[in-house]
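Working notes for the structure below.
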Amino acid sequence: MCFPGQRIKFKVFDQTRPDPSIELVEQACGYIEGAPCDFILTLGGGSAHDLGKGVALLSQTDQSIKAFVGVDKIGHKVLPIVAINTTSGTGSEVTRFAIISDVEEKVKLAIIDDALIPAVSVNDTQALLSMPPSLTGATGMDALTHAIEAYFSVDANALTNAYAVKAMELIGENLINAYMDGTNVLARENMAQAQFMAGVAFSNASLGYVHAIAHQLGGRYHLPHGLCNAVLLPIVIDG
Ligand SMILES: [Fe+2]
């Protein structure tokens, strides 16, 4: 396919599923095999962006995705990513994290590397208005958890704290309004900014116990990531 009036050829992979698995990344990579891409454009929430990051990584190597689990394990070129967000929470459109599910082991794998930071990220409020309340609540609580865990991280600094604190303020003022009325453009706009700032904060300061446990719950039971965080956050804070 080609954009009208342009000479940019593209292929669409529309099989994104929540919690993208190793197999799904490999399937998507196979889709572009023989038709090399200059960049990957992802449209959706965290799962779409994480899948795209996996493809951007895996399409440039013969190694398996498990070889890159951990921090700064990527030593080769990765395709540039343009990430267009349709949810408000994961921050994946701006972070150096990709979370890929290992279905066999029932765990989530974290690949953390600057090479995975999208070259361009887009947060357009109009693309967020159709999010249902359940997704608004879950992704919003994910963003709040990012901000809190980044703030209390041992790797926090003045810059990440500035982003984290402002994100917490905006989420406190806007999440319930966005949940109650999805067409509230101001609340959606502020949540988009908040989750972006929380993403910048945790991408640089990292996360904590809530995400450590939530990823295991999600890997085993396939529960929504934000819901796992929401349930665990008060327990971890009390602990
Ligand atoms: Fe998260």
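The basis for the numbers below is simple: all heavy atoms, side chains too, and nothing from hydrogens, waters or symmetry mates. Both ligands and their constituent atoms are indexed starting at 1 by order of listing.
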Under 3.5 Å donor-acceptor pairs involving side-chain atoms of residues 41-58, not counting sequence neighbours:
residue: Thr42; atom: OG1; partner: His49; partner atom: ND1; Å: 2.7
residue: Ser47; atom: OG; partner: Asp19; partner atom: N; Å: 3.2
residue: His49; atom: NE2; partner: Gly44; partner atom: O; Å: 3.1
residue: His49; atom: NE2; partner: Asn85; partner atom: OD1; Å: 3.0
residue: Asp50; atom: OD1; partner: Ser92; partner atom: OG; Å: 2.7
residue: Asp50; atom: OD2; partner: Ile99; partner atom: N; Å: 3.2
residue: Lys53; atom: NZ; partner: Ser92; partner atom: O; Å: 2.7
residue: Lys53; atom: NZ; partner: Ser92; partner atom: OG; Å: 3.3
residue: Lys53; atom: NZ; partner: Thr95; partner atom: O; Å: 2.8
residue: Lys53; atom: NZ; partner: Thr95; partner atom: OG1; Å: 3.3
residue: Lys53; atom: NZ; partner: Phe97; partner atom: O; Å: 2.8

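- A side-chain N or O of Asn123 and one of Glu93 form a donor-acceptor pair less than 3.5 Å apart.
- Protein contacts to the Fe ion (ligand 1) involving N, O or S atoms at a distance below 2.8 Å are Asp142 OD1, His146 NE2, His211 NE2, His225 NE2.
- Taken together through direct or relayed side-chain contacts under 4.5 Å among Ile, Leu, Val, Met, Phe, Trp and Tyr, Val71 and Phe202 form part of one hydrophobic cluster.
- Although no hydrogens or angles enter the test, the distance criterion places a donor-acceptor pair under 3.5 Å between the side chain of Asn174 and the main chain of Leu170.
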Which pairs would a plain distance check flag for residues 206-214, meaning a side-chain donor or acceptor within less than 3.5 Å of a matching protein atom at least two apart in sequence or in another chain?
residue: His211; atom: ND1; partner: Glu149; partner atom: OE1; Å: 2.7
residue: His211; atom: NE2; partner: Asp142; partner atom: OD1; Å: 3.3
residue: His211; atom: NE2; partner: His146; partner atom: NE2; Å: 3.1
residue: His211; atom: NE2; partner: His225; partner atom: NE2; Å: 3.1
residue: His211; atom: NE2; partner: Asn229; partner atom: ND2; Å: 3.4

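- Residues passing the ring-ring contact (aromatic ring centres under 6.0 Å, His included) test with Phe13, sequence neighbours excluded: Tyr31.
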